[in-house]
Number of protein chains: 2
Amino acid sequence: MKSAASQAARSATLQSIAEASGVHRSTAARALDPAQAHRISPEVVEKVRAEAQRQGYRRDVIAASLRTGRSRLVGVVLPDLANPVFAPILDGVGAALAEAGYSMLVADGGADPARQTAIVEELIARRVDGLVLATARRSDPVLTVCLDAGVPTVLVNRAEDEARAATVASDDFCGMRLAVEHLAGLGHRRIGHLAGPEGLSTGILRRRGFEAAMLAAGLDPSASAVARAYNRTEGQAATAALLDASPGLTAIAASNDLLALGAYLELKRRGLSCPGNLSIVGHNDMPLVDMIDPPLTTVRIAHAEMGQAAAQLLLEKLADPAAEATVKLMPAELVLRGSTREPGRGRH
Amino acid sequence: MKSAASQAARSATLQSIAEASGVHRSTAARALDPAQAHRISPEVVEKVRAEAQRQGYRRDVIAASLRTGRSRLVGVVLPDLANPVFAPILDGVGAALAEAGYSMLVADGGADPARQTAIVEELIARRVDGLVLATARRSDPVLTVCLDAGVPTVLVNRAEDEARAATVASDDFCGMRLAVEHLAGLGHRRIGHLAGPEGLSTGILRRRGFEAAMLAAGLDPSASAVARAYNRTEGQAATAALLDASPGLTAIAASNDLLALGAYLELKRRGLSCPGNLSIVGHNDMPLVDMIDPPLTTVRIAHAEMGQAAAQLLLEKLADPAAEATVKLMPAELVLRGSTREPGRGRH
DNA sequence: ATTGGTTATGCAATCGATCGCACTATAAGC
DNA sequence: GCTTATAGTGCGATCGATTGCATAACCAAT
């Protein structure tokens with residue numbers, strides 16, 4: 001019985017349903033399509049549906065794709081799955097897409113635009129209806145490929161300078177301002193910045209946010225070091241450079257939690273304490289940074305919601321390809337924890 | 001020029017290549033297929049390839065899928081993308097698949113078998129060549145669906161009691177034994193266990209490993225509490241229950257890092273210190289647990305490698321569908337950090 | 001009774017690649 | 001010189017759903 005059913009499931013085709021119901025394929029197709037069923041008499045619709053049920057029929061998505069040119073498939077390109085920031089984004093994208101009946105082709109494109117392009121071309125060859133890129137550089141060659149190919153594309157987390165595509169990102173500029181205002185409010189005067197890669201919007205916008213906020217507070221924004229990638233190693237190296245170049249800093253505003261954790265490592269190596277000697281603010285509020293030592297004060301980004309919003313934007317674009325490329329900034333929020341305090345109280 | 005090229009790319013079809021090269025579609029197809037090109041004269045092969053290059057031809061994967069029944073697509077079902085354990089696994093799977101020219105359809109199936117089944121059926125309808133399930137319960141109804149449908153499937157991270165499918169998991173039994181031996185070696189006698197869900201292999205095997213190791217050390221293995229899911233909240237609740245039911249414990253072996261972190265929270269709530277009052281060992285070595293306070297001693301699982309190995313197993317199965325269902329256990333390794341020490345030294 | 005307008009359904013082309021089969025030369029064998 | 005391989009290509013069916021167009025049936029209105 002069981003195996004008979006699955007046997008049927010494997011071979012149930014529109015043709016077989018049609019024959020068993022005594023109607024033509026096309027009639028069966030229309031009866032099974034909710035959007036077209038109204039053109040068919042209720043009795044036939046019922047008969048066909050029952051037969052489809054009985055045979056365990058499932059429309060062949062591949063065949064349908066070939067005919068219609070649509071696949072109900074969305075490609076998602078990530079820069080680094082090992083970075084804890086991207087899992088929640090992916091989760092959000094997937095949830096919103098699933099709800100709309102789309103599936104998700106996921107690929108880790110790394111940091112190399114050439115490889116990302118190859119991946120995107122592969123995805124396009126697979127006839128994805130749309131693309132979500134979490135890899136965008138400030139001027140992104142990969143997006144050019146997508147646009148040239150006419151594939152609806154949205155950017156998430158990282159934006160381009162010029163908004164050529166719909167984008168959902170965090171309000172990086174304001175987020176960093178929150179961090180600086182917090183530190184300045186505590187009384188810090190000499191604050192350094194751990195900047196992210198300059199080719200990424202997150203790197204440059206947070207840096208500009210830092211500079212603007214520092215100037216607004218009447219402080220000198222020149223103490224900064226640039227990390228070439230968002231990871232602890234780079235963060236530690238950049239912190240070392242920063243501390244060497246700018247002695248006397250009492251606080252660091254990092255553009256990323258992983259960089260902030262790198263800073264933790266460097267402080268430890270130098271026998272300095274956080275927040276005793278140096279206050280540190282991160283950015284992203286990655287999972288678990290609330291439990292590290294000391295708990296990281298950081299700027300929270302609602303990653304899952306960001307992913308959902310990006311998928312939503314893509315769905316709108318799919319529904320209306322002529323739509324404008326909207327840019328949505330998610331508000332950032334400062335989360336106070338233990339890595340910041342008033343300056344000058346020395347070692348704890 | 002640019003737009004002409006992409007224009008062509010959009011409409012370049014086997015037919016158009018064939019016409020432009022003055023050969024039949026099928027000849028062009030064979031010339032472009034490395035595995036068949038030898039049946040065609042070198043000159044024709046060259047001519048066709050050049051023309052394909054010129055027109056920017058890419059084989060239509062959809063049409064090919066329809067004809068051949070193969071899609072070079074693998075479905076991956078995860079239980080919880082928000083759990084940091086699964087991103088590295090996904091990463092590993094994706095890397096190995098990409099190398100072999102496969103793409104990855106990713107879906108978060110949650111903890112509900114019914115939803116997981118729906119997702120798997122969706123994936124099968126999309127004609128995936130194979131499936132990777134990270135969701136398996138000890139007796140998994142979802143796997144039954146896959147097997148009935150005749151889709152090559154491998155399990156990763158979680159195994160079934162009865163090995164109906166190829167599986168790559170960590171050696172959970174031995175891993176937990178390492179944890180207990182470590183604690184016993186430090187002198188702990190009253191050790192409790194935070195067990196994971198009993199329906200999961202990770203939950204039950206680690207529990208059995210705990211019990212076996214305790215008995216081997218001549219200790220009483222009866223102090224334990226079960227968490228219904230792997231997260232901090234459940235970990236905290238289970239810890240509370242464990243401490244209440246078994247006063248006098250000096251150490252806890254948790255079956256999961258998130259549960260261990262829940263234990264941290266509960267200790268903090270009770271004003272107890274780790275490792276001063278209580279030593280804690282986790283399981284998984286999730287990202288960042290090396291930086292929490294105190295750094296978590298835990299059992300490391302090579303998640304990315306596990307994902308890669310699972311994908312590898314699936315690729316073998318795809319190459320030879322008749323192959324045996326092998327089960328591969330990845331060795332577990334104890335990572336010593338700051339959350340464990342000799343008992344009885346009271347508050348730090 | 002004829003025309004006009006619906007409604008319900010059938011027909012057949014289409015999407016693009018793949019592959020078994022058949023055919024034609026040319027080469028090899030006797 | 002005649003058969004038998006064999007390499008190189010072409011032909012056309014096929015995968016399964018979709019959809020514009022055609023047709024048939026039916027009802028109402030003039």
Side-chain angles (χ1 to χ4, degrees), chain A residues 8-49 51-52 55-73 101 124-129, chain B residues 8-49 51-52 55-73 101 124-129:
Chain A
R10 241 170 284 167
S11 59
T13 163
L14 197 51
Q15 179 74 49
S16 70
I17 306 289
E19 275 169 10
S21 329
V23 298
H24 193 265
R25 295 199 303 286
S26 60
T27 305
R30 290 190 264 251
L32 291 173
D33 179 355
Q36 305 224 8
H38 67 96
R39 310 169 122 265
I40 305 292
S41 66
E43 310 90 60
V44 173
V45 169
E46 192 39 51
K47 190 166 52 175
V48 171
R49 292 222 171 124
E51 184 59 30
Q55 291 196 23
Y57 170 78
R58 295 209 53 154
R59 119 192 310 108
D60 187 317
V61 198
I62 300 277
S65 287
L66 179 61
R67 178 66 226 270
T68 62
R70 271 163 282 114
S71 61
R72 294 192 87 73
L73 226 47
I124 291 174
R126 285 192 182 274
R127 288 254 203 283
V128 292
D129 291 346
Chain B
R10 240 170 286 165
S11 59
T13 164
L14 198 50
Q15 178 74 48
S16 70
I17 306 289
E19 275 168 11
S21 320
V23 298
H24 192 266
R25 293 199 305 288
S26 58
T27 305
R30 291 189 264 251
L32 292 173
D33 179 356
Q36 305 222 8
H38 67 94
R39 313 170 119 266
I40 305 292
S41 67
E43 310 90 59
V44 173
V45 168
E46 191 39 51
K47 189 166 53 174
V48 171
R49 292 222 172 125
E51 183 59 30
Q55 291 195 25
Y57 170 78
R58 296 209 50 155
R59 120 198 300 111
D60 186 317
V61 198
I62 300 278
S65 287
L66 179 60
R67 181 64 227 269
T68 63
R70 270 163 283 115
S71 60
R72 294 193 86 73
L73 225 48
I124 291 175
R126 284 190 181 276
R127 288 254 204 282
V128 292
D129 291 346

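Proteins come first, then strands; the chains are lettered A, B, ... in the order of their sequence lines, and each starts at number 1. If you're wondering where the values come from, they're calculated on a predicted model, not measured in any experiment.
With DNA chain D read from its 5' end, the first of the two nearest nucleotides for B:Pro42 and A:Ala63 is the one closest to B:Pro42.
At the heavy-atom level, A:Val61 lies nowhere under 4.0 Å from the strands shown. Residue contacts for B:Ser26: at a heavy-atom cut-off of 4.0 Å it reaches a base atom on one of the strands shown. No contact: A:Glu43 has no heavy atom under 4.0 Å from any strand.
Computed from coordinates, the A:Gln36 CD to C:dT9 C1' distance equals 13 Å when rounded to whole Å. Taking atom CG of A:Leu66 as the reference point, atom P of D:dT19 lies 12 Å away to the nearest angstrom. In this structure, A:Arg39 places its CZ atom 15 Å from P of D:dA22, rounding to the nearest Å. For the pair B:Arg25 CZ and D:dT9 C1', the computed distance is 13 Å after rounding to whole Å. With rounding to whole Å, A:Leu14 atom CG is found 11 Å from D:dG16 atom P. When the C1' atom of C:dA17 is taken as reference, atom CZ of B:Arg70 falls 12 Å away, rounded to whole Å. Here the C1' atom of nucleotide C:dA17 and the CD1 atom of B:Ile17 are 13 Å apart, to the nearest Å. We find that CD1 of A:Ile62 is positioned 17 Å from C1' of C:dT14, with the value rounded to whole Å.
Using a 4.5 Å cut-off on side-chain heavy atoms (C-beta onward), A:Leu32 and A:Val48 make contact. Residues B:Ile62 and A:Arg126 fail the side-chain proximity criterion, which asks for heavy atoms closer than 4.5 Å. A 4.5 Å side-chain heavy-atom check between A:Arg30 and A:Ser26 finds at least one atom pair inside the cut-off. Between A:Ser16 and A:Gln55 the shortest side-chain heavy-atom distance falls below 4.5 Å. Taking 4.5 Å as the limit, some side-chain heavy atom of A:Arg49 sits within range of a side-chain heavy atom of A:Val45. No side-chain heavy atom of B:Glu43 sits less than 4.5 Å from a side-chain heavy atom of B:Lys47.
In the set C:dG10, C:dG20, C:dG16, the nucleotide with an atom closest to the side chain of A:Val23 is C:dG10. If you check D:dA17, D:dC11, C:dC19 against the side chain of B:His24, the one that comes closest is D:dC11. In this structure, the nucleotide among C:dT9, D:dT9, C:dA17 sitting nearest to the side chain of A:Ile40 is C:dT9. Taking only side-chain atoms of A:Arg127, from C-beta outward, the nucleotide of C:dG16, D:dG10, C:dA17 with the closest atom is C:dG16. Minimum atom distance to the side chain of B:Val44 is reached by D:dT9, of the listed C:dC11, D:dT9, D:dA17. Residue A:Thr13 places its side chain closer to D:dA17 than to any other of C:dA17, D:dA17, D:dC11. Distances were taken from every side-chain heavy atom of A:Arg30 (C-beta onward) to each of D:dA17, C:dG16, D:dT19; the shortest belongs to D:dT19.
Remark: B:Thr27 is in phosphate contact with D:dG10, judged by side-chain N or O atoms under 4.0 Å from OP1 or OP2. Note on A:Ser41: a side-chain N or O is less than 4.0 Å away from OP1 or OP2 of C:dT9. Between B:Gln15 and C:dC15 there is no side-chain N or O to OP1 or OP2 distance below 4.0 Å.
Remark: the A:Arg58 side chain and the D:dG16 base include no donor-acceptor N/O pair separated by less than 3.5 Å.
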